[in-house]
*Asks:* 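Can you read through this structure? Questions will come right after.
Just so it is clear, the model here is predicted, and its values are computed rather than measured. Residue numbers begin at 1 in each chain, while the letters A, B, ... track the order of the sequences.
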2 protein chains.
Amino acid sequence: MRTPLEKARHSPDSTKARTLRVAREIFGQYGFHGTTTRMIASEAGVDISTLYYHWGDKTDLYEAVVLDINEDLRQQLWRVEELVRGRTLAERLEMAIDQMTDYLLDHPEVSNLVLLRYFAKTRSEPICDLRVPSFVSNIARAMKLAERKGPVSAEARMQVLAIMNAIYNFISGQEFFQSIVGVDRERYVALVKSTLKFIFVPAFASDPPAAELRRCADRGTKSSTSSA
Amino acid sequence: MRTPLEKARHSPDSTKARTLRVAREIFGQYGFHGTTTRMIASEAGVDISTLYYHWGDKTDLYEAVVLDINEDLRQQLWRVEELVRGRTLAERLEMAIDQMTDYLLDHPEVSNLVLLRYFAKTRSEPICDLRVPSFVSNIARAMKLAERKGPVSAEARMQVLAIMNAIYNFISGQEFFQSIVGVDRERYVALVKSTLKFIFVPAFASDPPAAELRRCADRGTKSSTSSA
DNA sequence: GCTTTTTTCCATCATTTGATGGAGACCTTG
DNA sequence: CAAGGTCTCCATCAAATGATGGAAAAAAGC
């Protein structure tokens, strides 16, 4: 409990913390320019002046949101890494897909904010960065696409980005995609997981030497953590 | 040459057409709320009043941009469909990836606008829709993930969305991802294509060398286009 | 209980932004 | 050229938006 941000993270009922939580949601839904300080203040049930008192100007608040998201994402990735440790590559992938999908469904503002940061420019210069670069390398190592200590190849980074983005897309695009696919929420969630596994498992599980053995041995023993 | 939009599309040097072209770019970069009519007017070298004279209010202009993008995308998808007709699934996939990647690199506003429409809400209600739903079905049929005439399954639609979005992401996220991966533009483009093929070809192609392995793995499971 | 500090809100300001009216330029047609 | 229409721009407005000062209220310290 040192910085104001950490303090707010740990006192979930305070006005300041509630404001930050609402700011995450609304910045995630409407993007930086699509969000007004009044929207956040009114949604949080706070006077707009109180918002400025706690968080400084709009840019400062946005920066706080990004840092907050960064921290949540780091913790979640670490949890997943622990969980999959020691499993085979295919198992690691399937479990990571299930875990990240469930996590992001509970916190859609995380993927919203990440994606909007990738794709939408800001009129003023960017403020503080997501920690994506180091996340990507860590995931590549955890997935054993790269050696544990050495540098991570460009190919491995691209593959990790492809996986992460595929998950983010299905989460943040849920409303849009669900209507395109024409299913209800429950079925959509199941489809997200099964589609991701359908796509990524063959790519990563089929070219190492053990592929043949795995494919024939694993018959009928697909992921036990999958809800599909 | 009937509607104003079509007219503008075909007279590329007119003030009106130039304004639309600039609007595509800027709406694509900054999103709806991040874009001001003054940004578009000044970038197009036009008085802001002239912009309103030609295109009505901001929402009307945005709608025109979306329709314009829709038409471009439809044409491009049709070109690709013709090109890949008669090839094997793996070939179709690889060619489509190459073609769409090159096309979108030349017109990044297309994928920018599509992605921002997926992921960013607008304060006012949405105006007119992308034609994504029908595009998705057509692609699924062209790729022969679905029967040519029948309905397209939810699984096939999700797979098509995954492919399209993966391409869009690498194009629109280029600036961000290129710095993460640490390569120059040329190498990035090559990596996009090779990574996309690395990921998607194994999932869909049962014909290449891996065919027997896949059959072995799939024995006793559902259809080859649906994962459990 | 009184002082000090922290927090909240009302009123208000300055700028940005969407939008328009009207004067003039330009262009076409006869 | 004259008349009518089309296009462009200057000046300007009204609303939305980011931001602040200062009074009141609440909380903390003693």
*Asks:* His33(B) has an atom NE2; how far is it from atom P of dG18(D), in whole Å?
*Replies:*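 Result: 12 Å.
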*Asks:* I need the OH-C1' distance between Tyr30(A) and dT17(D), as an integer number of Å.
*Replies:*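 Roughly 17 Å, once rounded to whole Å.
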*Asks:* How many whole angstroms separate atom OH of Tyr53(A) from atom C1' of dT5(C)?
*Replies:*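 In whole Å, dT5(C) C1' lies 8 Å from Tyr53(A) OH.
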*Asks:* Would you mind telling me which of Asp98(B), Leu93(B), Val192(B) makes a side chain to side chain contact (heavy atoms under 4.5 Å, CB included) with Lys197(B)?
*Replies:*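 Considering Asp98(B), Leu93(B), Val192(B), a side chain to side chain contact (heavy atoms under 4.5 Å, CB included) with Lys197(B) is found only for Asp98(B).
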*Asks:* Quick one: label Thr50(B) by what it contacts on the DNA or RNA (base, sugar-phosphate, nothing), any heavy atom closer than 4.0 Å.
*Replies:*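 Counting heavy atoms under 4.0 Å across all strands, the contact made by Thr50(B) includes a base.
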*Asks:* Which letters describe nucleotides 19-27 of chain C, given B = protein heavy atom under 4.0 Å from base, S = only from sugar-phosphate, - = neither?
*Replies:* BBB------
*Asks:* If you take the centroid of each ring, where Trp contributes its six-membered ring, are Tyr30(A) and Phe32(B) closer together than 6.0 Å?
*Replies:*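 No; Tyr30(A) has its ring centre 6.0 Å or more from that of Phe32(B).
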*Asks:* Using whole Å, what does the distance between atom P of nucleotide dT7(C) and atom CZ of Arg18(A) come to?
*Replies:*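 About 14 Å, once rounded to whole Å.
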*Asks:* Name all residues meeting the side-chain contact (heavy atoms from CB on, under 4.5 Å) criterion together with Ala154(B); count only those two or more places apart in sequence or in a different chain, and write none if there are none.
*Replies:*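 Applying side-chain contact (heavy atoms from CB on, under 4.5 Å) to Ala154(B) gives Val181(A), Val183(A), Arg187(A), Leu191(A).
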*Asks:* Report the distance from atom NZ of Lys16(A) to atom P of dT8(C), rounded to the nearest whole Å.
*Replies:*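 It works out to 10 Å between those atoms.
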*Asks:* Between His54(A) and dT8(C), does any side-chain N or O lie under 4.0 Å from OP1 or OP2?
*Replies:*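 The answer is yes; a side-chain N or O of His54(A) sits under 4.0 Å from OP1 or OP2.
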*Asks:* What salt bridge (Lys or Arg N to Asp or Glu O under 4.0 Å) pairs are there with at least one residue in residues 41-59 of chain B, not counting sequence neighbours?
*Replies:*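 Every pair satisfying salt bridge (Lys or Arg N to Asp or Glu O under 4.0 Å) with a residue in residues 41-59 of chain B: there are none.
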*Asks:* Ser172(A): which residues meet the side-chain hydrogen bond (donor to acceptor under 3.5 Å, both in side chains) condition with it, sequence neighbours left out?
*Replies:*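 With sequence neighbours excluded, Ser172(A) shows a side-chain hydrogen bond (donor to acceptor under 3.5 Å, both in side chains) to Ser111(A), Asn112(A), given in chain and number order.
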*Asks:* May I ask you to decide whether Arg21(A) forms a salt bridge with Asp68(A), counting only side-chain N to carboxylate O separations under 4.0 Å?
*Replies:*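 Here Arg21(A) does not pair with Asp68(A) in a salt bridge, since their nearest N and O are not under 4.0 Å apart.
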*Asks:* Please report the end-to-end axis angle for the helix from dG1(C)-dC30(D) to dG30(C)-dC1(D), five pairs per end, rounded to 10 degrees.
*Replies:*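 Between the axes fitted at each end of the helix from dG1(C)-dC30(D) to dG30(C)-dC1(D) lies an angle of 20°.
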*Asks:* Between Phe177(B) and Tyr118(A), is the ring centre distance below 6.0 Å?
*Replies:*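 For Phe177(B) and Tyr118(A), the ring centres are under 6.0 Å apart.
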*Asks:* Are the charged groups of Glu82(B) and Arg79(B) less than 4.0 angstrom apart, N to O?
*Replies:*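 Looking at Glu82(B) and Arg79(B), the cut-off is not met.
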*Asks:* Roughly, in whole Å, what's the span from CH2 in Trp55(A) to P in dT7(C)?
*Replies:*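 The answer, rounded to whole Å, is 12 Å.
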*Asks:* Using the side-chain hydrogen bond (donor to acceptor under 3.5 Å, both in side chains) criterion, which residues pair with Glu109(B)? Sequence neighbours excluded.
*Replies:*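 Listed in chain order: Arg24(B).
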*Asks:* Considering only dT17(D), dT8(D), dT17(C), which nucleotide approaches the side chain of Thr15(B) most closely?
*Replies:*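 Of all the options, the side chain of Thr15(B) is nearest to dT8(D).
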